[in-house]
Amino acid sequence: MLDSAQLQAYDRDGYLRVRGLFSRPEVGVLLDGVEHALAATRRIGDMPDAAGRSSKLALWMDVREDVFGAATRHPRLVGAARQLLREDVYHWHSKVMLKEPRVGGAWEWHQDYGYWYRDGCLYPRLVSCMLALDPATPANGCLQVMPGSHLLGRIEHGRSGNQSGADPERVAAAQARLQTVHAEMDPGDVLFFHANTLHASGPNASDAPRRAYICCYNALSNRPFGGKGHGNPEPIALVPDDAILAFARAEA
Ligand code: SIN
Ligand code: MN
């Protein structure tokens with residue numbers, strides 16, 4: 001359960017980092033499931049950044065029966081998402097971000113609602129939950145956020161290399177007025193961020209991977225119009241709190 005100081009910080013900054021929301025053993029089970037999640041995913045993106053370095057991601061929209069599905073339906077994520085959006089939520093999509101040593105590329109400054117607006121969501125009432133599977137540092141391209149940028153409204157997005165980025169003139173103006181924070185994370189930490197929060201990340205210049213699971217939830221009242229969008233707009237059946245570790249026990 002998030003407390004009122006955490007909710008206030010999220011409303012003010014557009015993001016909230018919760019340290020150690022998942023334990024090291026739980027992260028170990030998720031890491032063991034990465035290969036299976038990749039093998040089960042048809043949408044594996046390889047998104048070169050402006051410098052041509054590749055940022056890989058696997059994206060899926062169903063709630064899986066694998067260990068990542070246990071994370072998607074986990075009360076620590078769904079409960080927090082419900083609190084932050086002040087209503088019930090459904091699964092929009094999930095991603096495993098693979099920023100590989102030396103080759104993992106950058107993500108340009110963007111708002112997730114820059115894309116999801118086009119998917120028919122009337123409001124930016126979605127939240128992303130980024131669960132660190134490896135330590136994330138400036139050296140391996142941790143996420144960067146601009147506190148308060150979720151209040152700017154939606155910025156136009158256009159092509160930036162092969163990625164879609166926020167209008168660079170607006171980004172520069174926002175950078176001149178707002179701070180840029182490197183959201184360093186330890187495995188098991190979760191960064192919750194608002195769909196309009198400007199975020200980016202640098203390349204992985206280190207010898208260590210920077211893997212993360214990002215689960216995105218939409219408010220149930222914000223179902224896209226015209227049958228567009230991601231996920232199935234149905235409430236999520238929660239798993240028990242020990243579901244991730246239980247998954248590993250069942251596999252053994
Ligand atoms: C990243 O993994 O660094 C970028 C994540 C995002 O844009 O949501
Ligand atoms: Mn994003």
Side-chain angles (χ1 to χ4, degrees), residues 13-15 17 34 38 41-60 92-119 121 124 126 128-185 191 193-214 216 230:
D13 299 333
Y15 69 90
R17 185 179 55 190
V34 165
L38 296 186
T41 307
R42 267 186 292 160
R43 272 179 88 154
I44 298 199
D46 203 347
M47 307 280 273
D49 63 15
R53 286 167 302 226
S54 136
S55 304
K56 276 201 189 133
L57 72 102
L59 184 149
W60 63 92
W92 178 253
H93 70 214
S94 283
K95 305 180 267 245
V96 170
M97 314 301 287
L98 293 167
K99 214 185 258 205
E100 289 155 319
R102 299 284 161 198
V103 296
W107 289 98
E108 314 297 337
W109 284 103
H110 67 276
Q111 299 165 313
D112 289 336
Y113 191 57
Y115 320 131
W116 299 340
Y117 175 87
R118 297 199 181 96
D119 290 317
C121 290
L126 303 97
S128 291
C129 314
M130 182 174 201
L131 164 52
L133 301 176
D134 294 308
T137 65
N140 69 7
C142 67
L143 204 74
Q144 300 170 38
V145 288
M146 282 192 224
S149 55
H150 63 308
L151 301 175
L152 294 171
R154 188 183 74 93
I155 298 173
E156 284 301 336
H157 283 60
R159 284 270 148 216
S160 171
N162 277 323
Q163 298 178 13
S164 175
D167 172 9
E169 199 182 0
R170 290 231 162 213
V171 169
Q175 275 172 318
R177 296 196 199 180
L178 303 174
Q179 272 182 288
T180 294
V181 172
H182 283 79
E184 294 198 47
M185 295 167 82
L191 188 84
F193 58 97
H194 187 285
N196 267 342
T197 298
L198 277 169
H199 58 287
S201 60
N204 185 354
S206 79
D207 291 323
R210 198 229 67 183
R211 291 163 294 183
Y213 170 58
I214 304 183
C216 307
H230 298 181

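- A208 approaches N204 most closely through the heavy-atom pair O-ND2, 2.7 Å.
- The shortest distance between side-chain heavy atoms of P101 and P209 falls below 4.5 Å.
- Closest of all the heavy-atom pairs between S201 and K99 is OG-NZ, 2.7 Å.
- Taking both residues in full, the closest heavy atoms of L178 and G148 are given as CD1-C, 4.4 Å, listed atom of the first, atom of the second, then distance.
- Taking the side chain to side chain contact (heavy atoms under 4.5 Å, CB included) definition, one finds that P203 meets it with R53, A106, sequence neighbours left out.
- Pairing each heavy atom of L126 with each of C121, the nearest pair is CD1-SG, 4.2 Å.
- Applying the side chain to side chain contact (heavy atoms under 4.5 Å, CB included) criterion to D13, with sequence neighbours excluded, gives A9, Y15, P147.
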Between side-chain atoms of residues 167-174 and protein atoms elsewhere (two or more places apart, or another chain), which donor-acceptor pairs fall under 3.5 Å?
residue : atom : partner : partner atom : Å
D167    : OD1  : E169    : N            : 3.1

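- Using bins of under 30°, 30° to 60° and over 60° for the plane-to-plane angle, the ring pair W92/H230 lands in the parallel bin.
- One distance of note links CE of M97 with CE of M130; it measures 6.5 Å at 0.5 Å rounding.
- Atoms CG and OG1, on L143 and T197 in that order, are 10.0 Å from each other to the nearest 0.5 Å.
- Across all non-hydrogen atoms, the minimal contact from C216 to S128 is SG-OG, 3.3 Å.
- Looking at residues two or more places apart in sequence or on another chain, you find a side chain to side chain contact (heavy atoms under 4.5 Å, CB included) between A136 and N140, C142, M185, R210.
- In terms of heavy-atom proximity, L38 sits nearest to A58 at CD2-CB, 3.5 Å.
- The distance from the CH2 atom of W109 to the CD1 atom of I155 is 10.5 Å, given to the nearest 0.5 Å.
- Take N196 and apply the side chain to side chain contact (heavy atoms under 4.5 Å, CB included) test, not counting sequence neighbours, and it matches Q111, Y113, P124, H150, R154, H194.
- Expressed to the nearest 0.5 Å, how far CG of L57 lies from NZ of K95 amounts to 7.5 Å.
- Shown here is Q175, whose CD atom has more than 12 heavy atoms of other residues, nucleotides or ligands within 6.0 Å.
- Between V34 and L98, the closest side-chain pair of non-hydrogen atoms falls below 4.5 Å.
- The NE2 atom of H110 sits 3.0 Å away from atom NE2 of H199, with the distance rounded to the nearest 0.5 Å.
- Using a 30° and 60° split on the angle between ring planes, H157 and Y115 fall in the perpendicular class, above 60°.
- Applying the salt bridge (charged side-chain N to carboxylate O under 4.0 Å, His left out) definition to pairs two or more places apart or across chains, those involving residues 132-149 are D134-R211.
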